[in-house]
Amino acid sequence: MAVQRTFSIIKPDATERNLTGAINKVIEDGGLRIVAQRRIHMSRAQAERFYGVHSERPFFGELVEFMTSAPVVVQVLEGENAVSRYRDVMGATNPEEAADGTIRKLFAKSIGENSAHGSDSEENAALEISQFFSEADIVG
Ligand code: ATP
Ligand code: MG
């Protein structure tokens with residue numbers, strides 16, 4: 001598998017508890033390189049667009065509220081097989097089901113406030129990266 005990029009968000013529950021550095025350490029120890037990173041406060045429009053695939057889900061309103069409640073850190077991660085590697089580094093969506101040593105097991109508060117986002121496919125990674133970064137922002 002070639003070097004790949006994935007898109008990551010360190011979510012509000014984590015930035016609020018000053019966990020950006022701790023999460024970045026887990027990312028780097030997991031073999032991924034942070035090749036772009038910016039701290040932003042997401043607008044409602046940005047969050048609604050980003051999570052558009054979930055717009056019919058019962059938790060959509062709560063999810064948009066949460067993602068706009070405090071700053072987030074948007075990132076591009078690079079490495080071998082980065083999309084699935086980062087899913088492994090994050091752990092299961094529900095922290096109660098996440099494996100030991102994963103970001104969500106270590107830090108997540110709940111299934112909603114689960115500290116990190118990672119793309120679920122290479123195609124979505126490219127779309128998500130382009131929502132927040134231009135190619136010139138990414139330094140590999
Ligand atoms: P993400 O897309 O954030 O990386 P994921 O791919 O593991 O997470 P998804 O099914 O795509 O999970 O859900 C997106 C996000 O919506 C979850 O990370 C979580 O914050 C929130 N979410 C998912 N299921 C629930 C739920 N049952 N109740 C509340 N929030 C939820
Ligand atoms: Mg997802």
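Counting starts at 1 for both ligands and their atoms, in listed order. Model, not experiment: these values are computed from the prediction. Only this structure's heavy atoms are used, side chains among them; waters, hydrogens and symmetry mates stay out.
- Residue contact check: K11 has heavy atoms under 4.0 Å from atoms 3 (O), 17 (C), 18 (O), 20 (O) of ligand 1.
- Residues forming a ring pair (Phe, Tyr, Trp, His ring centres under 6.0 Å) with F7 (at least two apart in sequence, or on another chain): F50, F132.
- Polar contact check, M90 against ligand 1: no nitrogen or oxygen pair lies under 3.5 Å apart.
- Residues R5 and E135 are paired through a salt bridge, judged by an N-O separation under 4.0 Å between the basic side chain and the carboxylate.
- Among protein heavy atoms, the minimum distance from atom 19 (C) of ligand 1 is reached at I111 O, 3.2 Å.
- No donor-acceptor distance shorter than 3.5 angstrom exists from the side chain of N124 to the backbone of S121, with no hydrogens or angles considered.
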Verdict with reasoning, E78 to R33, per salt bridge (charged side-chain N to carboxylate O under 4.0 Å, His left out): CA-CA 5 Å; E78 196 171 83; R33 187 175 295 278; 5.7 Å; no
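- Between H41 and T68, the closest heavy-atom pair is NE2-O, 2.7 Å.
- Of all the atoms in ligand 1, the ones that sit under 4.0 Å from a non-hydrogen atom of L63 are 16 (O), 20 (O), 21 (C).
- Given atom 29 (C) of ligand 1, the protein heavy atom at minimum distance is F59 CB, 3.7 Å.
- In summary, the atoms of ligand 1 found under 4.0 Å from a heavy atom of R87, numbered by their order in the structure, are 4 (O), 5 (P), 6 (O), 7 (O).
- Contacts with ligand 1 closer than 4.0 Å are made by side-chain heavy atoms of Y51 only, the backbone lying farther away.
- The nearest heavy-atom contact from the protein to atom 4 (O) of ligand 1 is H117 ND1, 2.8 Å.
- Cation-pi check for R17 over F107 is not met; the charged atom does not lie both under 6.0 angstrom from the ring centroid and within 45 degrees of its normal.
- For the 3.5 Å distance criterion, the side chains of N114 and K11 qualify, holding a donor opposite an acceptor.
- In this structure, atom 5 (P) of ligand 1 lies nearest to the protein heavy atom T93 OG1, 3.6 Å.
- Remark: ligand 1 and R104 share an N or O pair separated by less than 3.5 Å (distance only, no angle test).
- For ligand 1, the atoms sitting less than 4.0 Å from at least one non-hydrogen atom of G118 are 4 (O), numbered in the order shown with element in parentheses.
- A distance of 7.0 Å separates CD in E128 from CG in D120, rounded to the nearest 0.5 Å.
- The protein atom (non-hydrogen) at minimum distance from atom 30 (N) of ligand 1 is G112 CA, 3.5 Å.
- The shortest N or O to N or O distance between H54 and ligand 1 is under 3.5 Å.
- Summarising the geometry, atom CZ belonging to F133 is positioned 5.0 Å from atom CZ belonging to R38; distances are rounded to the nearest 0.5 Å.
- Distances below 4.0 Å separate heavy atoms of N114 from the following atoms of ligand 1: 17 (C), 18 (O), 19 (C), 20 (O).
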